[in-house]
2 protein chains.
Amino acid sequence: MCELLGMSANVPTDICFSFTGFLHRGGGTGPHRDGWGIAFYEEGGYRDFRDPHPSVQSPIARLICDYPIKSNIVISHIRQANVGQVRLANTHPFVREMWGRPWCYAHNGQLADWQALPHSFYRPVGTTDSEHAFCWLLGELRGAFPEPPDDDGQRHALWETLHGLCERLRGLGVFNLLLADGEYLYTYCSSKLAHITRRAPFGRASLSDAELAVNFAEHTTPDDVVSVIATEPLTDNEAWVRMVPGELLVWQGGEIRARFKT
Amino acid sequence: MCELLGMSANVPTDICFSFTGFLHRGGGTGPHRDGWGIAFYEEGGYRDFRDPHPSVQSPIARLICDYPIKSNIVISHIRQANVGQVRLANTHPFVREMWGRPWCYAHNGQLADWQALPHSFYRPVGTTDSEHAFCWLLGELRGAFPEPPDDDGQRHALWETLHGLCERLRGLGVFNLLLADGEYLYTYCSSKLAHITRRAPFGRASLSDAELAVNFAEHTTPDDVVSVIATEPLTDNEAWVRMVPGELLVWQGGEIRARFKT
């Protein structure tokens with residue numbers, strides 16, 4: 001199994017603290033030695049960093065810890081390979097452009113009969129069930145919505161369609177998902193995903209996986225809202241909320257904007 | 001104007017030497033302060049690093065210099081903005097998936113009337129003439145070749161189509177191009193592009209833009225073939241070949257596989 005980490009915030013925020021704990025699971029406190037990746041939506045663009053090596057040994061991962069990239073949406077993944085070799089093309093997150101926006105995707109779980117999912121606009125570069133499912137999912141969305149939604153009704157219809165597609169993938173196995181388009185972060189729970197929203201008054205947090213604590217009050221303003229979503233809670237002194245199977249949350253600016261259930 | 005750097009090699013090769021000279025032009029010896037990027041096709045995948053800051057000051061660029069990523073094809077770009085703000089979404093190289101392969105693109109020059117180029121499969125994320133032209137070019141290729149070529153005749157037809165599309169873009173202004181699909185590197189010259197092929201017996205080279213020399217004989221085997229393509233020659237003691245306007249070269253494994261002229 002792999003692990004997921006996501007962030008949605010109302011101000012550009014660095015994820016160094018959470019990522020430091022998370023990457024220790026990549027061959028340190030966890031068994032996920034088969035690569036890692038992280039994607040940032042920053043003001044004015046998208047970029048990702050991926051490495052097919054264990055995150056605890058990766059000089060690129062160390063750079064990400066030390067070089068605070070401020071972002072409104074982050075998606076990260078550490079991999080324990082099941083389907084597909086350990087290679088760069090099989091390293092999450094995956095990205096495709098739809099409607100002139102970079103859509104970024106990371107998956108935790110394993111699917112059966114995924115080879116039968118048909119492709120239209122998008123084709124996988126690597127050989128994982130995860131990327132195959134992403135290409136199918138995004139192709140289905142694009143088929144149903146050739147143009148981006150431009151009002152709340154259309155947006156709601158898009159999210160309902162996305163929830164239906166996630167439910168179909170959950171029918172094939174385990175499908176925990178982080179997906180983003182630069183404005184919204186979508187988190188879908190098939191078995192395991194937890195979240196926490198930090199806002200004023202900010203307190204202290206200490207990592208479960210590394211000797212590190214932070215006082216968020218020293219790094220934030222009273223209006224900041226920052227939500228972190230992860231496979232397992234990353235801190236041991238805060239109350240994380242576990243999502244329920246079949247639940248899709250739509251995050252914007254650190255807040256839950258919509259919620260869909262089975 | 002921006003500057004381009006490309007590499008095609010028959011063995012995975014790091015580009016640290018050339019990149020060290022190249023990035024000095026990004027705010028050091030050159031005026032190209034508006035961002036930089038580099039893309040690597042490695043065994044088993046693709047990744048790129050982009051930064052909207054001057055390359056001489058970028059910690060990510062320093063990492064690329066110090067952390068040898070071995071690759072068969074590299075495309076790099078340093079930017080001096082003309083069309084489009086200085087922001088990550090406007091930072092080359094750009095990438096889109098076609099036929100399950102990541103196609104990577106960087107452009108030097110400036111186009112007129114580019115807004116009229118129609119889009120089909122691909123849409124720009126940013127606001128540059130370069131990315132707009134890329135989305136048009138790749139959409140045209142995909143329209144003409146819905147499936148990848150699977151023999152030499154089809155490949156030649158694809159390359160001829162590509163040459164024709166480049167010629168049309170040259171008709172709109174200055175269009176120097178680096179384009180790659182993981183197997184081939186395509187270089188098209190509109191005004192300025194030079195190349196050098198290094199093979200046994202390997203010798204010494206010294207950078208024009210930084211105090212650095214290398215003896216390639218110490219870092220290679222007798223069978224290695226490594227070609228470097230750049231806007232301006234990067235070394236001052238080797239004989240670079242300048243391309244002629246309207247010329248498209250198709251590189252594979254460090255060798256020129258095909259050549260198209262006006």
Side-chain angles (χ1 to χ4, degrees), chain A residues 35 37 39-53 58-64 66-69 71 84-91 93-103 119-128 131-132 134-135 138-139 142 146-148 181-182, chain B residues 35 37 39-53 58-64 66-69 71 84-91 93-103 119-128 131-132 134-135 138-139 142 146-148 181-182:
Chain A
F40 299 91
Y41 289 91
E42 298 167 61
E43 270 187 295
Y46 167 91
R47 59 179 152 178
D48 59 47
F49 300 84
R50 290 177 301 118
D51 213 5
H53 309 298
S58 165
I60 304 173
R62 270 202 304 278
L63 175 84
I64 300 300
D66 296 342
Y67 178 53
I69 293 181
S71 176
Q85 295 170 285
V86 177
R87 55 206 290 267
L88 192 56
N90 290 341
T91 306
F94 303 105
V95 65
R96 294 290 186 282
E97 172 260 307
M98 177 165 76
W99 310 325
R101 296 175 200 167
W103 285 71
H119 291 144
S120 49
F121 297 100
Y122 305 101
R123 294 189 199 171
V125 173
T127 54
T128 60
E131 190 192 13
H132 191 106
F134 173 43
C135 291
L138 207 62
R142 185 166 167 165
E147 296 297 325
D181 63 5
Chain B
F40 299 92
Y41 289 90
E42 299 167 60
E43 270 186 295
Y46 167 91
R47 59 181 151 180
D48 59 46
F49 299 84
R50 291 178 300 118
D51 213 4
H53 309 297
S58 166
I60 304 173
R62 269 201 305 279
L63 175 84
I64 300 300
D66 296 342
Y67 178 55
I69 293 180
S71 175
Q85 294 170 285
V86 177
R87 55 206 291 265
L88 193 55
N90 290 341
T91 306
F94 303 105
V95 64
R96 294 290 186 282
E97 173 258 308
M98 177 165 77
W99 311 325
R101 298 175 199 165
W103 285 70
H119 292 144
S120 48
F121 297 100
Y122 305 101
R123 295 190 198 170
V125 173
T127 53
T128 60
E131 190 192 14
H132 191 107
F134 173 44
C135 291
L138 206 62
R142 186 167 168 166
E147 296 297 325
D181 62 6

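Within every chain, numbering begins at 1; the chains are lettered A, B, ... in the order of the sequence lines, protein sequences first and strands thereafter.
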Which atoms of A:Pro59 approach chain B - backbone, side chain, both or neither, heavy atom under 4.5 Å: both
Proximal component of A:Asp66, with respect to chain B [non-hydrogen, under 4.5 Å]: neither
Salt bridge present between B:Asp48 and A:Arg47 (N-O < 4.0 angstrom): no
Most chain A-contacting option - heavy-atom pairs closer than 4.5 Å, from B:Leu63, B:Thr91, B:Val125: B:Val125
Heavy-atom contact with chain A under 4.5 Å, split by part of B:Pro102: both
Heavy-atom pair with the smallest gap, counting every atom of B:Asp51 and A:Tyr67: OD2-OH, 3.7 Å
Salt bridge present between B:Arg50 and A:Glu42 (N-O < 4.0 angstrom): no
Spacing of A:Arg123 atom CZ and B:Glu97 atom CD [to the nearest 0.5 Å]: 7.5 Å
Test item: A:Phe40 and B:Leu88 side chains (from C-beta on) under 4.5 Å apart, heavy atoms: no
